[in-house]
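Reminder, nothing fancy here: chain letters follow the sequence lines and each chain counts from 1. Keep in mind that this is a model prediction, so the values were computed, not measured.
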There are 2 protein chains.
Amino acid sequence: MADVAERAGVSPSTVSRTLRGLTSVSPQVRTRVEEAARELNFAISRQASSLVTGRTGVMAVLVPTLDSWFMGAALSSLGPLLRGAGMEMTVYVVPDLAERAEFFERLPARRNADALLVFCFDLNKEETARLDDLGVPVIYISQHVEGRPSVYVDDVAAACRATRHLINLGHRRIAFAHTVNARGFSFSSRDRLLGYRQALTEADIPLDDDLVVTTPPRDKRGTTQAVGNLLSLREPPTAIFAEQDELAASLILSLRTVQIEVPERISVLGFDDQLMAEWLDLSTVAQSPSDMGRAAAELALELINDSDADLSQHIVLPTHLIPRGTTAPPPAPQGEREGNSPAEGRNA
Amino acid sequence: MADVAERAGVSPSTVSRTLRGLTSVSPQVRTRVEEAARELNFAISRQASSLVTGRTGVMAVLVPTLDSWFMGAALSSLGPLLRGAGMEMTVYVVPDLAERAEFFERLPARRNADALLVFCFDLNKEETARLDDLGVPVIYISQHVEGRPSVYVDDVAAACRATRHLINLGHRRIAFAHTVNARGFSFSSRDRLLGYRQALTEADIPLDDDLVVTTPPRDKRGTTQAVGNLLSLREPPTAIFAEQDELAASLILSLRTVQIEVPERISVLGFDDQLMAEWLDLSTVAQSPSDMGRAAAELALELINDSDADLSQHIVLPTHLIPRGTTAPPPAPQGEREGNSPAEGRNA
DNA sequence: TTGAAAGCGCTAACAC
DNA sequence: GTGTTAGCGCTTTCAA
């Protein structure tokens, strides 16, 4: 910077003012400085400036993985948005409990970011408290934390509506498939199961734990086995609600492998509306991770700038049921009908 | 830090030494300092320390998007590896040409990172030169840049082998499907086309531009249309080599929609071996983005520490042809046979 | 509108 | 093994 100042024949302060776009610089000086900076290929060191301003210009992002549709979409939308605000994005990938313990022990984001975006972690009280005294705003995405800024969809309601869709089609034996996650990374999954149960209860359909199956994530064999378990039940399901599209896709392919047509014999309903849902013509519940990312980033920027902004606001984004080709009425009418709620046609 | 020093009854230097894990601290003092640091919830400011050490502790990563299988896998493996080396990862998402121009204009990584990992960009000379004078090592991933450290797979050879697999099965009308990318983001795609052409030429199969189709990325309609174009050719293909699994998946579903069985009527071969390949039982060429990420990170760390390390080494990672259920011999023997190369059975 | 000087929080070189 | 001191590159008073 001293070099630039010398070359432009001004003081370092003036160079600083110019490069930060302050107005209190005469046009001629401004041109001279900018030219010198360009010639010397100069860029301000964030390290040095943040040392004095107290701002790092960094948005920290905590994610369990980047290898998922949700994270990819959410963070891709984040990047350009932050750039617009002059911020950079540093990403902490914390895939398992060991890394997680270490993260919370060392808390590397402390003093090294202006805000922290926490994605998809099911934090315990202690962890939340630890983040609280990070000294910067912490925004929770795809999870709701009491009294802290959060951005999420109402998974319970969405799953409930989705399940009702199946009920309204005439299904009464409805399975719920979810993936086992490492403990502490599965907020939405739990809520979706709640929604499923709620819909069944409302429709007076008895809950049957045999209909709730669990598979390891992204495991073809596990899915096949789950399908086998469901089919070998005395009264097998006529519909399966999968907690995620990926799982739904896997289920459909497993079912077709054993010559069970979807939706003729069994309906399958997903959650997410990611790309493969359209390809597979999969009925699903749409949510938009990029909207969530954007909302979270905007909220974070607001909290950074207004130190006295509302720290406990929750942004609940909408979901949409998208009926496609994998859900249809069950193959043969099930005997009992009496419990059917009279309202709500098929337009759940 | 001064607070910690005071609380522990030592000087700031000692605190610094302790927290950096230097050995020249007596055990008792070390315990006292660590305790004080914990009690005060103190963490070192990277900003301040990098100002004096000249190291930022940051690995910058330049990617076109995060919303893709390749990036997700590559960066997920990167995170923990960097953490192990005490580094953080800041990600620059540069999705289009406008953002790209701005990135290269401002070069925000300058002085704010110890190394830069450039993923999947097909850079021009000027851009490469601009990165050269960034002052830190720049590693190119999934692309080869002459004289610069690069990590990639041999797309030409892999595509050639893959095409030979189809030829060896008896196919002679082989289509190549690729996605249109924004100019400058499509290094591998180009190389895979080259490999395809090379294999055909070696087998004396005439190149036919009608067999090379292009679709917008992730566009169902575009795929459907491409399939339509291929099927309406006077002599339609009996096999399609898709530049990526995603595209292959989309093609298969399009084909099945119009009642064309895969592989009975048309074989489909992908590239990547991502999750959906296994699900769809898709024959494909496997590459490992996480290995590429790891190799790149290790190379970067080496270049950071050895200023005189070999700056032009290229790491070429292996690919594997994985024949699964979507490739089979063509339905009916094609008339002409004379051009067949005698070598190489079916074990391409 | 510009410059001089102080200092942000840390580390490194040197003394003890 | 520990403390003292100078200074990394910037921004920010304050004075001119």
Report, one pair per line, the protein and nucleotides 7-9 of chain C atoms (nitrogen or oxygen only) whose separation is under 3.5 Å.
residue : atom : partner : partner atom : Å
C/dG9   : N2   : B/Ala48 : O            : 3.2

For this session: Using a 4.0 Å heavy-atom cut-off across all strands, classify B/Thr53 as base, sugar-phosphate, or nothing.
Result: sugar-phosphate
Problem set entry | Whole-Å distance separating the CG atom of A/Leu22 from the C1' atom of C/dG3 | 15 Å
For this session: Given salt bridge (Lys or Arg N to Asp or Glu O under 4.0 Å), test B/Arg106 with B/Glu102 step by step and report yes or no.
Result: CA-CA 6 Å; B/Arg106 308 204 316 97; B/Glu102 200 206 308; 3.4 Å; yes
Exercise. Is a salt bridge present between B/Asp67 and B/Arg218, judged by a nitrogen-to-oxygen distance below 4.0 Å?
Worked result: yes
Exercise. In whole Å, what is the span from the CD atom of A/Glu6 to the C1' atom of D/dC10?
Worked result: 17 Å
Problem set entry | Derivation and outcome, salt bridge (Lys or Arg N to Asp or Glu O under 4.0 Å), residues A/Glu88 and A/Arg46 | CA-CA 10 Å; A/Glu88 308 197 331; A/Arg46 272 170 196 268; 3.3 Å; yes
For this session: Evaluate side chain to side chain contact (heavy atoms under 4.5 Å, CB included) for B/Tyr92 paired with A/Met89, printing each intermediate quantity in order.
Result: CA-CA 7 Å; B/Tyr92 298 97; A/Met89 173 171 81; over 6 Å; no
Exercise. Under 4.0 Å between a Lys/Arg side-chain N and an Asp/Glu carboxylate O for A/Arg7 and A/Glu35?
Worked result: no
Exercise. Taking only N and O in the side chain of B/Ser26, is any of them less than 4.0 Å away from OP1 or OP2 of D/dG1?
Worked result: no
For this session: Indicate whether OP1 or OP2 belonging to D/dT12 is found under 4.0 Å from a side-chain N or O atom of A/Arg20.
Result: yes
All N/O pairs under 3.5 Å across the protein-nucleotides 14-16 of chain D interface:
none

For this session: Could you pick out which residue, A/Ser13 or B/Gly9, lies toward the 5' side of DNA chain D when each is mapped onto its nearest nucleotide?
Result: B/Gly9
For this session: Identify whether the distance between the nearest side-chain nitrogen and carboxylate oxygen of B/Glu34 and B/Arg30 falls below 4.0 Å.
Result: yes
Exercise. Is the shortest side-chain N/O distance from B/Thr14 to OP1 or OP2 of D/dG3 below 4.0 Å?
Worked result: yes
Problem set entry | Distance, nearest 0.5 Å, that separates CD1 of B/Ile315 from CG of B/Asp291 | 11.0 Å
For this session: Round to a whole Å and report the spacing from CG of A/Leu40 to P of D/dG9.
Result: 14 Å
For this session: Send over the distance from A/Arg30 CZ to C/dT1 P, rounded to a whole Å.
Result: 11 Å
For this session: Please check if any side-chain donor atom of A/Asn112 sits under 3.5 Å from a side-chain acceptor atom of A/Thr56, or the reverse.
Result: no
Exercise. Taking the six-membered ring of B/Phe187 as reference, does the NZ or CZ atom of B/Arg190 fall below 6.0 Å from its centre and within a 45° cone about the axis?
Worked result: yes
Exercise. Does OP1 or OP2 of D/dT4 have a side-chain N or O of B/Ser11 closer than 4.0 Å?
Worked result: no
